[in-house]
Amino acid sequence: MIESKIWIKKLGLEPHPEGGYFKEVYRSDDSFDLTNNPNYNSQRNFSTSIYYLLEGDQFSTFHKLASDEIWHFYDGCPVELHMIDKSGEYKKALIGSNIADNNYLQFAIKSGIWFAAKPTDPNSYSLVGCTVSPGFDFHDFQMGKKDELVSQFPKHKKIIEKFTKDSF
């Protein structure tokens, strides 16, 4: 995984609380006044973006955002996105460059959907970009708790247990 270490160093990536490495690379100067919106209750930038890298043995634990997030593939192996919507429907998407193998170059995750991610190759890495609109704020980020998610979505117990952490 020498190549992933090069990306981490060259891009100045830091450990992310959900797993992997990231660096914010854009935050719009302009913002919305969302004080009357129950999803936000304060100002939010129009948009933000990050670089995000997962090494083969890492995963992004189940979490959800108050905003939509678009994932853009850059390098490495495809990354699997595992999603559970509010009604309990599970979907999986592959973000990668092999469109002949049904990979998406970019993929949008709607607000309020629980999602997790993992590279498809344990000996590789996945480098993506993530764009959030309205812009990312940690107040809008909720990390999934294994017991609560299993209680809410019991038919997805195996996937939830695979992609959640016991403590943060």
Sequence neighbours left out, cut at 3.5 Å: what donor-acceptor pairs do the side chains of residues 16-27 make with other protein atoms?
{"unit_1": "His16", "atom_1": "ND1", "unit_2": "Glu18", "atom_2": "N", "d": "3.1"}
{"unit_1": "Glu18", "atom_1": "OE1", "unit_2": "His63", "atom_2": "NE2", "d": "3.4"}
{"unit_1": "Glu18", "atom_1": "OE2", "unit_2": "Tyr52", "atom_2": "OH", "d": "3.4"}
{"unit_1": "Glu18", "atom_1": "OE2", "unit_2": "Ser60", "atom_2": "OG", "d": "2.7"}
{"unit_1": "Glu24", "atom_1": "OE1", "unit_2": "Arg27", "atom_2": "NE", "d": "3.4"}
{"unit_1": "Glu24", "atom_1": "OE1", "unit_2": "Arg27", "atom_2": "NH2", "d": "2.8"}
{"unit_1": "Glu24", "atom_1": "OE2", "unit_2": "Arg27", "atom_2": "NE", "d": "3.1"}
{"unit_1": "Arg27", "atom_1": "NH1", "unit_2": "Asn45", "atom_2": "OD1", "d": "2.9"}
{"unit_1": "Arg27", "atom_1": "NH1", "unit_2": "Phe136", "atom_2": "O", "d": "3.2"}
{"unit_1": "Arg27", "atom_1": "NH2", "unit_2": "Phe136", "atom_2": "O", "d": "3.0"}

Would the distance check show the side chain of [X] and the main-chain N or O of [Y] forming a donor-acceptor pair, the cut-off being under 3.5 Å?
X: Thr35; Y: Ser42; value: no
X: Gln58; Y: Glu55; value: yes
X: Ser47; Y: Ser28; value: no
X: Ser126; Y: Gly76; value: no

Any side-chain donor-acceptor pair under 3.5 Å between Asp85 and Ser87?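 Per modelled atom types, Asp85 and Ser87 side chains form a pair under 3.5 Å.
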Between Glu80 and Thr120, is there a side-chain donor-acceptor contact under 3.5 Å, judged purely by atom types and distance?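 Note: Thr120 and Glu80 side chains miss the donor-acceptor criterion.
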Please report the interatomic distance [atom1]([X]) to [atom2]([Y]), rounded to the nearest 0.5 Å.
X: Phe107; Y: Phe115; atom1: CZ; atom2: CZ; answer: 10.5 Å
X: Trp7; Y: Leu127; atom1: CH2; atom2: CG; answer: 5.5 Å
X: Gln43; Y: Asp30; atom1: CD; atom2: CG; answer: 10.5 Å
X: Phe62; Y: Glu161; atom1: CZ; atom2: CD; answer: 11.5 Å
X: Leu34; Y: Ser67; atom1: CG; atom2: OG; answer: 8.5 Å

Should we say atom [atom1] of [X] is surrounded by more than 12 heavy atoms from elsewhere, each under 6.0 Å from it?
X: Tyr74; atom1: OH; answer: yes
X: Asp33; atom1: CG; answer: yes
X: Phe59; atom1: CZ; answer: yes

Phe46: ring-ring contact (aromatic ring centres under 6.0 Å, His included) partners, not counting sequence neighbours: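 Phe32.
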Can you tell me which residue pairs pass the salt bridge (charged side-chain N to carboxylate O under 4.0 Å, His left out) test with a partner in residues 97-111, sequence neighbours excluded?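 Qualifying pairs: Asp68-Lys110.
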Considering only heavy atoms from C-beta outward, does the side chain of His82 approach that of Phe163 to under 4.5 Å?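 They are in side-chain contact.
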Which residue in the set Val150, Asp147, Leu149 passes side-chain contact (heavy atoms from CB on, under 4.5 Å) when paired with Thr164?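 Looking at Val150, Asp147, Leu149, the match for Thr164 under the side-chain contact (heavy atoms from CB on, under 4.5 Å) is Leu149.
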Hey, can you tell me if Phe153 and His156 have their rings parallel, tilted or perpendicular (30° and 60° cut-offs)?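 Tilted.
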Stepwise, does the side-chain contact (heavy atoms from CB on, under 4.5 Å) test hold for Ile84 with Ile160? CA-CA 10 Å; Ile84 304 172; Ile160 291 167; 4.0 Å; yes
Show your working on side-chain contact (heavy atoms from CB on, under 4.5 Å) between Met83 and Ile109 and close with a plain yes or no. CA-CA 8 Å; Met83 299 161 282; Ile109 302 165; 4.2 Å; yes
Taking the six-membered ring of Tyr90 as reference, does the cationic atom of Lys155 (NZ for Lys, CZ for Arg) lie under 6.0 Å from its centre and within 45° of its axis?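 Checked: cation-pi criterion not met.
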